[in-house]
J.: 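Next up is a structure, given as structure tokens.
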Amino acid sequence: MSSAPHYSVKQILKANDIPFPAVVKGWVRTFRQNQFIALNDGTTVQPLQIVVDSSAIDGQTLKNITPGAAIEAHGTIVESPGKGQRVEMQAQHITVHGPADPNNYPLQPKKHSLEFLRSIAHLRFKTNTFGAVFRLRHGLAIAIHEFFHSKDFYYLHSPIITASDCEGAGEMFRVTTLDPKNPPLKEDGSVDWSKDFFGREAHLTVSGQLEAELAAMGLTRVYTFGPTFRAEKSHTTRHLAEFWMVEPEVAFARLNEIMDLAEELLKHLIQYSLQHYPDELAFLQKRLEDEEKQLPKEKRSPMPLIEKLQFVLSEPFQRITYTEAFNILKASKPNKKKKFKYLLTDWGADFQTEHERYLVEKHFKKPVIIYNYPAEIKAFYMYLNDDGKTVRGMDVLFPGIGEIIGGSERETRIEVLQKRMAQIGIAPEEMQWYLDIRRWGGCPHAGFGLGFDRLVQFVTGMQNIRDAIPFPRYPGYVAY
RNA sequence: GCCCUCUUAGCUCAGCUGGUUAGAGCGACGGACUGUUAAUCCGUAGGUCCCAGGUUCGAGUCCUGGAGGGGGCGCCA
């Protein structure tokens, strides 16, 4: 057997100095005519063609070369006389590491529905679609770190288990080691959490924001990038119970600066995807087009995937205040003609999905940043404007997926913060640390949360967020 | 939590207003094939029509309940 180096399919397809000896390892996609193996190792969309001399290979090995089998091929990379590829391997020797019985191997060389693949999520990494999605997901993560690193942001590992249960971002999952059948009780019959592992109640974090604020008060610019958890029974294509969030927090920054940062980050990430993953995006674009062929025209994506990404880069995001947005919506046709399910009449009402979609997809036809929201519909930590009615919060809305970023300038005036906490019933002693950073060396600061899986969803064109994360968790479903 | 919708072969789906032995493509299996590109050609096998009741002379088709999938709304990232 040859002792040639092991190359990835990606390396071989890019190689210029041919011919050369090589070893490749991967999984068989198809085996045509007892002669042509299409091999994929997850490094590219394109498979490598391996040409087999069937007379030189024993019958059992030949029989085991079926879709899904893991093989190792030793041979020479040569220019391909065939039409579909530039180079191919002429194999001298093939080892089947793991056969895949074609009688019961679920993946066939044909289209499968995403729902079916989701039901065999442990195998979907082997497909071109999920290979492309997860390579892009990786690339976006790298790009996020590079982006922040280049701007002197420090990557903060915010805790996953949190003692803080008043972030207000949603229902939390409890973390406990107590016996659910027989928990220690207090005299009044309630559970005695002081006997639990941490000596008090603990939960999975819904956001690293509050911890990021603490770190920004010493490191100036930080960001978190980690899993967050919400026990909301959301049944939609854009919610997960476990999802990844990117949360930059910047000391001395005001709302405008954070809006600039959000727009720059999103554009950078899309630019990065277009530049580094053109093959994946072309593949995903075609996949989306094929899938949408069955749909009526009005339900299809308004433009192809790559064009959509370029379009987001082409213009500044539309920035409007809540009040401006409210006035546009109130005067809009669907509101006047009562086409909206929720009609807008009074200032202060929260926008519904249909309103956000109208602004983004019909009125402005580009990403929209809405800011200065009514205080009542936003979190307690947002900076109260001088009008006493609105807070310096902002949402970045994207076509198709809605809110991709939510952020704000934080309230720094301790007495205003205490008042708002009291209004919604947060005990000040629970949040002393949060008040302390206003007490000593407080300063204006702002930040936002980017839904990483929603970003992956947007860039890859996956309609369901469950197909943008390797192992989705949602109400009623957890596997692996 | 509310609403809509779907479940027929391994996969994707067809099956008209209830009416004989439930169909196709792909896949699988057997065979042919030395430049194919989800190869092609010939042949074969493969179904508890999601489950449980009910209506009916007769149910894949209608009704009720249940399970599972998908979608919409709310909540948000």
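Here is how names work: the chains are called A, B, and so on, in the same order as the sequence lines, proteins then strands, and each is numbered from 1.
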J.: Using heavy atoms to find the nearest nucleotide of RNA chain B for A:Gly476 and A:Gln352 separately, return the residue whose nucleotide is more 5′.
T.: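 Its nearest nucleotide lies further toward 5', so the answer is A:Gly476.
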J.: In terms of side-chain heavy atoms of A:His235, which of B:G71, B:A38, B:A77 is nearest?
T.: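 Closest nucleotide among those given: B:G71.
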J.: If we take the P atom in both B:U20 and B:U61, what is their distance in whole Å?
T.: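 One P to the other, the span is 14 Å.
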J.: Within the distance-only criterion (no hydrogens, no angle test), does the side chain of A:Lys308 pair as donor or acceptor with the backbone N or O of A:Phe458 below 3.5 angstrom?
T.: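 Looks like yes, one N/O pair under 3.5 Å.
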J.: Would you indicate, yes or no, if B:G71 has its OP1 or OP2 atom less than 4.0 angstrom from a side-chain nitrogen or oxygen of A:Asn464?
T.: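 For A:Asn464, the contact criterion (side-chain N or O under 4.0 Å from OP1 or OP2 of B:G71) is met.
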J.: When you measure from the side chain of A:Glu354 to the backbone N and O of A:Lys341, does any donor-acceptor pair fall under 3.5 Å?
T.: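 Judged by distance alone, yes, a pair lies under 3.5 Å.
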J.: What is the distance from CG of A:Asn64 to P of B:C29, rounded to the nearest Å?
T.: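 The answer, rounded to whole Å, is 11 Å.
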J.: Write down the distance between CZ (A:Phe225) and P (B:A77), rounded to a whole number of angstrom.
T.: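 That distance rounds to 16 Å.
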J.: Which value, in whole Å, describes the distance between the P atoms of nucleotides B:G18 and B:A24?
T.: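 Looking at atom P only, B:G18 and B:A24 are 25 Å apart.
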J.: Expressed as a whole number of Å, how far does the C1' atom of B:G60 sit from that of B:C49?
T.: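 Roughly 5 Å separates the two C1' atoms.
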J.: Of A:Arg118 and A:Ser234, whose closest RNA chain B nucleotide lies nearer the 5' terminus?
T.: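 Its nearest nucleotide being more 5', the pick is A:Arg118.
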J.: Take atom CG of A:Asp101 and atom C1' of B:C29, then tell me their distance rounded to the nearest Å.
T.: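 Going from A:Asp101 (CG) to B:C29 (C1'), I get 11 Å.
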J.: Take atom C1' in B:U8 and the same atom in B:C3, then report the distance between them in whole Å.
T.: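 Each nucleotide's C1' atom is 27 Å from the other's.
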J.: Looking at the base of B:C75, is there any donor atom on it, or on the side chain of A:His239, that sits under 3.5 Å from an acceptor on the other one?
T.: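 Checked by distance alone, the answer is yes.
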J.: Does A:Arg466 come within less than 4.0 Å of A:Glu115, counting only side-chain N to carboxylate O?
T.: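 No.
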J.: Would you kindly check whether a donor in the side chain of A:Gln108 faces an acceptor in the base of B:G10, or vice versa, at under 3.5 angstrom?
T.: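 In this structure, the two groups form a donor-acceptor pair.
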J.: Counting neighbours of OH on A:Tyr155 that are heavy atoms of other residues, nucleotides or ligands and sit closer than 6.0 Å, is the number greater than 12?
T.: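 Above 12, so yes.
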J.: Is A:Lys63 salt-bridged to A:Asp58, cutoff N-O under 4.0 Å?
T.: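 No.
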J.: Of the candidate nucleotides B:C11, B:G70, B:C73, which contains the atom at the shortest distance from the side chain of A:Lys110?
T.: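 Nearest to the side-chain atoms of A:Lys110, counting from C-beta on, is B:C11.
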J.: Check every strand shown and say whether A:Phe116 touches a base, only sugar-phosphate, or nothing at a heavy-atom separation below 4.0 Å.
T.: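 It contacts sugar-phosphate atoms only.
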J.: Identify whether the distance between the nearest side-chain nitrogen and carboxylate oxygen of A:Glu249 and A:Arg221 falls below 4.0 Å.
T.: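 No, this pair does not count.
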J.: Is there a donor in the side chain of A:Glu291 and an acceptor in the side chain of A:Gln463, or the other way round, less than 3.5 Å apart?
T.: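 Yes.
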J.: What does A:Asp453 touch in the nucleic acid at a heavy-atom separation under 4.0 angstrom: a base, only the sugar-phosphate, or nothing?
T.: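 Result for A:Asp453 = nothing.
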J.: Counting side-chain heavy atoms from C-beta on, which of B:G72, B:C26, B:A39 comes nearest to A:Thr237?
T.: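 For the A:Thr237 side chain, the nearest candidate turns out to be B:G72.
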J.: Suppose you measure atom C1' in B:G25 against the same atom in B:A38; what distance do you get, rounded to whole Å?
T.: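 Here B:G25 and B:A38 have their C1' atoms 13 Å from each other.
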J.: Would A:Arg124 and A:Phe130 count as a cation-pi pair here, with the cationic atom under 6.0 angstrom from the ring centre and within 45° of the axis?
T.: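 Yes, a cation-pi geometry.
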J.: Without decimals, in angstroms, what is the distance between A:Leu397 CG and B:C76 P?
T.: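 Taking atom P of B:C76 as the reference, CG of A:Leu397 is at 13 Å.
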J.: Of the candidate nucleotides B:G1, B:A77, B:G27, which contains the atom at the shortest distance from the side chain of A:Lys233?
T.: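 Per side-chain heavy atoms of A:Lys233, the pick is B:G1.
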J.: How far, in whole Å, is B:A32 from B:A14 if one measures between their C1' atoms?
T.: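 Here B:A14 and B:A32 have their C1' atoms 32 Å from each other.
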J.: Base, sugar-phosphate, or nothing: which does A:Leu455 touch, judged by heavy atoms less than 4.0 Å apart?
T.: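 Here A:Leu455 touches no strand at all.
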J.: Measure from the side-chain heavy atoms of A:Glu115 and tell me the nearest of B:G74, B:G70, B:A38.
T.: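 In terms of side-chain proximity for A:Glu115, the closest of B:G74, B:G70, B:A38 is B:G70.
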J.: With a 4.0 Å cut-off on heavy atoms, is A:Lys341 in touch with a base, just the backbone sugar-phosphate, or nothing at all?
T.: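 It contacts sugar-phosphate atoms only.
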J.: Taking the C1' atom of each, how far is B:G10 from B:A45, in whole Å?
T.: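 To the nearest whole Å, 13 Å.
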J.: Is a salt bridge present between A:Arg174 and A:Glu201, judged by a nitrogen-to-oxygen distance below 4.0 Å?
T.: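 Salt bridge present between A:Arg174 and A:Glu201.
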J.: If I pick the P atom on B:U56 and the same atom on B:C51, what distance separates them, to the nearest angstrom?
T.: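 These two P atoms come out 23 Å apart once rounded.
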J.: Does A:Tyr105 reach a base, just sugar-phosphate, or nothing at all? Heavy atoms under 4.0 Å.
T.: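 Nothing: the residue A:Tyr105, judged by heavy atoms under 4.0 Å, touches no strand.
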J.: Quick one: do A:Asp453 and A:Arg238 make a salt bridge, cutoff under 4.0 Å?
T.: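 The answer is no: the pair does not qualify as a salt bridge.
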J.: Regarding A:Ser113, tell me which of base, sugar-phosphate or nothing describes its non-hydrogen contacts under 4.0 Å with the strands shown.
T.: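 Since only primed, P, OP1 and OP2 atoms lie under 4.0 Å of A:Ser113, the category is sugar-phosphate.
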J.: Under a cut-off of 3.5 Å for both distances of each Watson-Crick or G-U pair, what dot-bracket string does RNA chain B give, using [ ] for crossing pairs and | for inter-strand pairs?
T.: (((((((..((((.....[...)))).(((((.......))))).....(((((..]....))))))))))))....
J.: Do NZ/NE/NH1/NH2 and the carboxylate oxygens of A:Asp467 and A:Arg118 come within less than 4.0 Å?
T.: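 Result for this pair is yes, salt bridge flagged.
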J.: Any N or O donor-acceptor pair under 3.5 Å from the base of B:A77 to the side chain of A:Arg230?
T.: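 Answer is yes: a donor-acceptor pair is held.
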J.: Under 3.5 Å, which protein N or O atoms sit close to an N or O of nucleotides 32-35 of chain B? Give each pair with its distance.
T.:
{"from": "B:G35", "atom 1": "O6", "to": "A:Gln90", "atom 2": "NE2", "distance (Å)": "3.1"}
{"from": "B:G35", "atom 1": "N1", "to": "A:Glu88", "atom 2": "OE2", "distance (Å)": "2.8"}
{"from": "B:G35", "atom 1": "N2", "to": "A:Gln49", "atom 2": "NE2", "distance (Å)": "3.4"}
{"from": "B:G35", "atom 1": "N2", "to": "A:Ser80", "atom 2": "OG", "distance (Å)": "3.2"}
{"from": "B:G35", "atom 1": "N2", "to": "A:Gly82", "atom 2": "N", "distance (Å)": "3.3"}
{"from": "B:G35", "atom 1": "N2", "to": "A:Glu88", "atom 2": "OE1", "distance (Å)": "2.5"}
{"from": "B:G35", "atom 1": "N2", "to": "A:Glu88", "atom 2": "OE2", "distance (Å)": "3.3"}

J.: May I ask you to decide whether A:Asp395 forms a salt bridge with A:Lys378, counting only side-chain N to carboxylate O separations under 4.0 Å?
T.: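 Salt bridge flag = yes for A:Lys378 with A:Asp395.
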J.: Would one find a side-chain N or O of A:Arg32 under 4.0 angstrom from OP1 or OP2 of B:A39?
T.: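 Yes, because at least one side-chain N or O of A:Arg32 sits under 4.0 Å from OP1 or OP2 of B:A39.
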J.: Considering every strand and a 4.0 Å limit on heavy-atom distances, what is the contact class for A:Arg466: base, sugar-phosphate, or nothing?
T.: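 It contacts sugar-phosphate atoms only.
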